[in-house]
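The next block holds one structure in the form of structure tokens; read it before the comments.
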Amino acid sequence: MPRNNTKIAGTLANAWSAPPELPVGAAGRPLVCVASTYTFHAPFFESELLPRFLGLKFDETEGVRPFVVEREQALGISRACVLVDADHLDPSQTTLRWDQLPVRMPGGAVQHSKVAVLVWENCVRLIVASANLTRQGYRRNREIASVIDFYNHETSAPRKLILDATSFVRDLSSFVRASDAAVERFRQAVEGARSRLRDWRSMPADFKPRETPRAIFVGGLPRRKGGMAQSPLDQLINQWGNRRAEEITVMTPFVGDLEGPVDPVVERLMQLPRARGAAGYLVVPGQPSERDSTRMVVGLPRRFLVAWASAWRKDPNSVDTYVVPLCRQGEKANRDLHAKGVLVAGDGMEMLLCGSSNFSPHGMGIGVANAEANLCYTDESSTKRSGLLLSDRLPVDWKLDFCESPIWPEMADPIEDEQSSTNQAIPAAFLWAVYNQRTAVLIIAMDTQAPLPVEWSVRWPGEGSERTPPLLDDQALPQTPPDGRAVVQLSTSLRGANIAGLRLSWRDETGVMKSGLMPVHVEATEDLLPPDEFRSLSARGIVECLLSGREPAEWIAFMEGRQLGDRGGSASREFESLRAVDTSSYLLYRTRRLGAALTAQGERLLHTTRTQEALNYRLRQDPLGPLMLAEALIRESEAAELNNGNHEGDGSMLLFSLAEVNLMLAHVARRLAEVRFRVFFQETIEQIDRMSDEWVKRVAPSASLSGYLLAVRTRCTDLLPVAGGGNAG
């Protein structure tokens with residue numbers, strides 16, 4: 001497909017980086033990342049995928065502190081959500097600024113889709129793959145992935161393709177088991193991406209009727225109220241239409257657990273119209289036999305071979321089979337075949353369904369359907385795109401991998417990325433939990449209509465936690481609270497802790513002890529504390545960072561380097577005539593530095609991405625933002641008052657400084673072309689005004705200062721008619 005991004009080389013992780021160039025210019029700043037996976041490794045996502053999407057300059061090898069600070073700042077002005085099968089929740093994530101949302105599918109199905117929607121200001125990238133968000137999936141397995149870019153230009157891939165994909169992702173929200181606030185953040189992120197796509201009018205709406213190559217999004221979902229299950233295989237059959245298939249190739253690492261010679265997926269595939277003499281091929285994983293290294297042992301059960309041969313009316317020993325080995329010549333590691341696909345060819349056309357769907361009943365939506373995500377490509381069979389046919393895009397060597405007499409075992413264990421988790425579905429009485437880092441309060445949400453197990457306990461998710469006292473159990477809470485919220489006050493030492501999951505253990509009706517994970521989120525991003533490096537940052541430190549012209553991560557790296565390189569220490573100060581006198585406490589010096597810092601802060605606000613989330617973070621939560629500066633100024637004045645008793649000068653300087661912060665905010669808000677965002681500046685001004693009012697009562701400012709404070713509030717009202725309020729004293 002010409003609109004495919006064919007320039008991405010190397011590992012699949014590289015596809016998470018913004019495209020270097022587009023017909024519309026640069027991709028712009030990161031806005032939204034929404035992804036789904038079956039198995040999940042949160043540390044891999046945080047260290048290798050998320051930094052690429054965010055465009056971070058630092059990584060953990062260069063310094064953990066700068067990396068963490070840069071990541072937190074970037075996540076403050078963007079949104080990232082990962083949908084994970086509920087049994088594979090990974091509580092080892094290190095920051096709650098992105099949401100890990102467990103998905104519980106009904107009827108024994110699982111969340112098996114692997115789709116990512118990456119949104120930058122001028123580009124949306126769709127990744128539909130067979131690879132889970134794990135190091136194994138992105139670094140080791142043999143996978144298949146589609147990477148397609150969308151942008152506001154006529155050469156973009158068509159809008160319908162990405163809208164269908166985001167519609168599928170949005171539909172998954174009804175199966176998410178998490179707090180209402182976390183689910184709403186996810187829905188807003190998806191809707192924000194869809195709104196941006198609808199605004200791009202220069203991109204084509206859809207493929208032309210006879211255009212090739214072309215692609216459609218093919219999702220799989222279970223039946224919901226008033227609807228029907230979405231079957232990826234049925235959609236493939238419908239897309240193929242009345243053409244006669246001459247060759248059908250199935251590539252799969254997993255076929256499900258069935259008994260008997262009949263396979264419902266194979267039977268449904270046979271509904272595809274076929275030409276006389278049509279041929280069927282299998283591409284399967286395998287490895288050399290321990291008894292005879294010249295023969296390959298297939299990683300699938302023999303019953304699938306029998307069902308396939310029966311459907312094609314062939315002897316099982318004569319089925320054309322390609323066995324993809326664990327290790328090819330020149331490779332340094334074993335690589336499991338984890339790619340999935342169905343390739344159909346005939347009447348001069350080829351069609352390839354590829355993505356997350358295994359050739360199993362759940363994967364293909366025959367009976368109970370998993371949540372699956374695939375793309376279905378159609379192209380002329382003799383036409384190469386970027387030097388490749390559709391068949392060339394499968395991770396198989398059509399010459400070397402053909403196997404004349406493979407060994408099919410009676411039973412076969414699935415590869416690591418297809419194995420079920422040892423975690424179990426938690427009882428219906430337990431829903432989810434939220435944590436407030438500022439107050440160290442953990443709230444466990446419970447269903448008041450569902451009975452509690454007779455014996456249960458909630459603990460930390462780590463190994464060995466069962467040997468420590470539980471956070472909550474049936475002894476402390478024998479019945480569900482009337483409001484369905486169990487409140488646990490944790491130690492103040494846990495303020496700032498990143499708690500992403502809890503271990504719930506219970507005894508079921510048969511007396512068997514079971515264990516599962518309960519997700520933990522934050523109600524609002526305001527409940528999160530800034531990184532350790534900024535929690536006790538003084539006003540002077542904020543000013544220094546703003547005046548340095550560096551981003552916080554760069555400033556921390558600079559400070560660390562300066563500390564390591566400082567040989568002379570403070571002793572050298574007395575030998576430098578220009579530094580012999582410390583002028584930092586002089587009122588004029590402090591005023592000039594504050595003014596310069598506020599100018600830098602204003603420019604920082606003006607260059608913030610124009611989204612509600614980004615501006616709200618910059619104003620209220622950014623450690624270098626106006627609200628944090630105001631709070632730091634107040635802390636310093638309180639400390640001075642405590643140490644020196646009556647310290648009227650510092651109180652007056654504080655009131656003047658708070659007024660200057662508000663004046664800067666009003667001027668910046670006035671310069672915003674997007675009037676709807678000015679309300680966030682108004683709210684911040686009013687909050688700082690309330691802080692100022694409290695100090696007016698304590699300081700009793702002079703008549704001249706009171707007049708100045710009143711003049712500033714009047715000016716703020718003039719600049720922002722909806723802003724202002726309060727009494728200057």
Side-chain angles (χ1 to χ4, degrees), residues 36 40 42 81-91 93 96 98-111 171-188 222 224-225 371 421 423-437 439-461 465 470-490 497-509 513-525 527:
S36 65
F40 185 52
C81 307
V82 179
L83 301 172
V84 184
D85 180 70
D87 290 339
H88 292 88
L89 186 77
D90 186 356
Q93 72 180 79
L96 295 178
W98 62 273
D99 289 319
Q100 184 181 171
L101 304 174
V103 178
R104 176 69 64 189
M105 307 304 293
V110 299
Q111 195 310 107
D171 289 345
L172 288 177
S173 66
S174 59
F175 303 102
V176 171
R177 191 163 181 168
S179 69
D180 293 342
V183 174
E184 183 58 26
R185 286 194 293 269
F186 165 72
R187 288 175 176 160
Q188 288 180 359
R224 289 172 290 175
K225 293 181 180 179
S421 171
N423 291 315
Q424 295 158 313
I426 62 177
F430 299 91
L431 301 176
W432 35 260
V434 291
Y435 184 59
N436 188 315
Q437 288 186 338
T439 61
V441 170
L442 179 71
I443 298 177
I444 299 175
M446 309 174 79
D447 188 343
T448 58
Q449 304 301 313
L452 286 169
V454 176
E455 181 182 345
W456 60 271
S457 62
V458 175
R459 288 180 163 84
W460 300 121
S465 64
L471 299 172
L472 194 66
D473 61 8
D474 56 275
Q475 299 299 313
L477 191 70
Q479 58 185 8
T480 305
D483 62 352
R485 296 168 73 87
V487 179
V488 181
Q489 178 64 64
L490 301 179
N498 291 294
I499 305 171
L502 298 170
R503 173 68 61 182
L504 178 65
S505 301
W506 71 96
R507 191 177 300 279
D508 68 8
E509 297 84 353
M513 287 299 298
K514 293 185 175 181
S515 175
L517 289 171
M518 181 189 306
V520 181
H521 300 96
V522 293
E523 287 278 17
T525 55
D527 296 341

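What you see is a predicted model, and the numbers here were worked out from it, not measured in a lab.
Separation of atoms CG (Asp99) and NE2 (His521) is listed at 5.0 Å; rounding is to 0.5 Å. Rounding to the nearest 0.5 angstrom, the gap separating the CG atom in Leu89 from the CE atom in Met518 is 11.0 Å.
Judged by distance alone, the side chain of Asn423 and the main-chain N or O of Leu517 form no donor-acceptor pair under 3.5 Å. Between the side chain of His88 and the backbone N or O of Pro102, no donor-acceptor pair lies under 3.5 Å. The backbone N or O of Ser36 sits nowhere less than 3.5 Å from a side-chain atom of Gln111 that would complete a donor-acceptor pair. With hydrogens and angles ignored, the 3.5 Å screen pairs a side-chain donor or acceptor of Gln489 with a backbone N or O of Thr439.
For the side chain to side chain contact (heavy atoms under 4.5 Å, CB included) criterion with Gln437, the lone passing option out of Asn498, Val522, Ile499 is Asn498.
Contact of the Leu504 side chain with the Gln424 side chain is not registered, since no non-hydrogen atoms from C-beta on lie closer than 4.5 Å.
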Phe40/Asp85 under side-chain contact (heavy atoms from CB on, under 4.5 Å): CA gap, chis, key distance, verdict
CA-CA 9 Å; Phe40 185 52; Asp85 180 70; over 6 Å; no
Under 3.5 Å, sequence neighbours excluded: what are the donor-acceptor pairs made by side chains of residues 173-181?
{"from": "Ser173", "atom 1": "OG", "to": "Arg170", "atom 2": "O", "distance (Å)": "2.7"}
{"from": "Ser173", "atom 1": "OG", "to": "Arg187", "atom 2": "NE", "distance (Å)": "3.2"}
{"from": "Ser174", "atom 1": "OG", "to": "Asp171", "atom 2": "O", "distance (Å)": "2.9"}
{"from": "Arg177", "atom 1": "NH2", "to": "Pro427", "atom 2": "O", "distance (Å)": "3.3"}
{"from": "Arg177", "atom 1": "NH2", "to": "Phe430", "atom 2": "O", "distance (Å)": "2.7"}
{"from": "Ser179", "atom 1": "OG", "to": "Ala182", "atom 2": "N", "distance (Å)": "3.2"}

List, one per line, each side-chain donor-acceptor pair under 3.5 Å for residues 449-457, sequence neighbours excluded.
{"from": "Glu455", "atom 1": "OE1", "to": "Arg507", "atom 2": "NE", "distance (Å)": "2.9"}
{"from": "Glu455", "atom 1": "OE1", "to": "Arg507", "atom 2": "NH2", "distance (Å)": "3.4"}
{"from": "Ser457", "atom 1": "OG", "to": "Arg459", "atom 2": "NH1", "distance (Å)": "2.7"}

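By the side-chain hydrogen bond (donor to acceptor under 3.5 Å, both in side chains) test, Glu184 is found to be paired with Gln188, residues two or more places apart in sequence or in another chain being considered.
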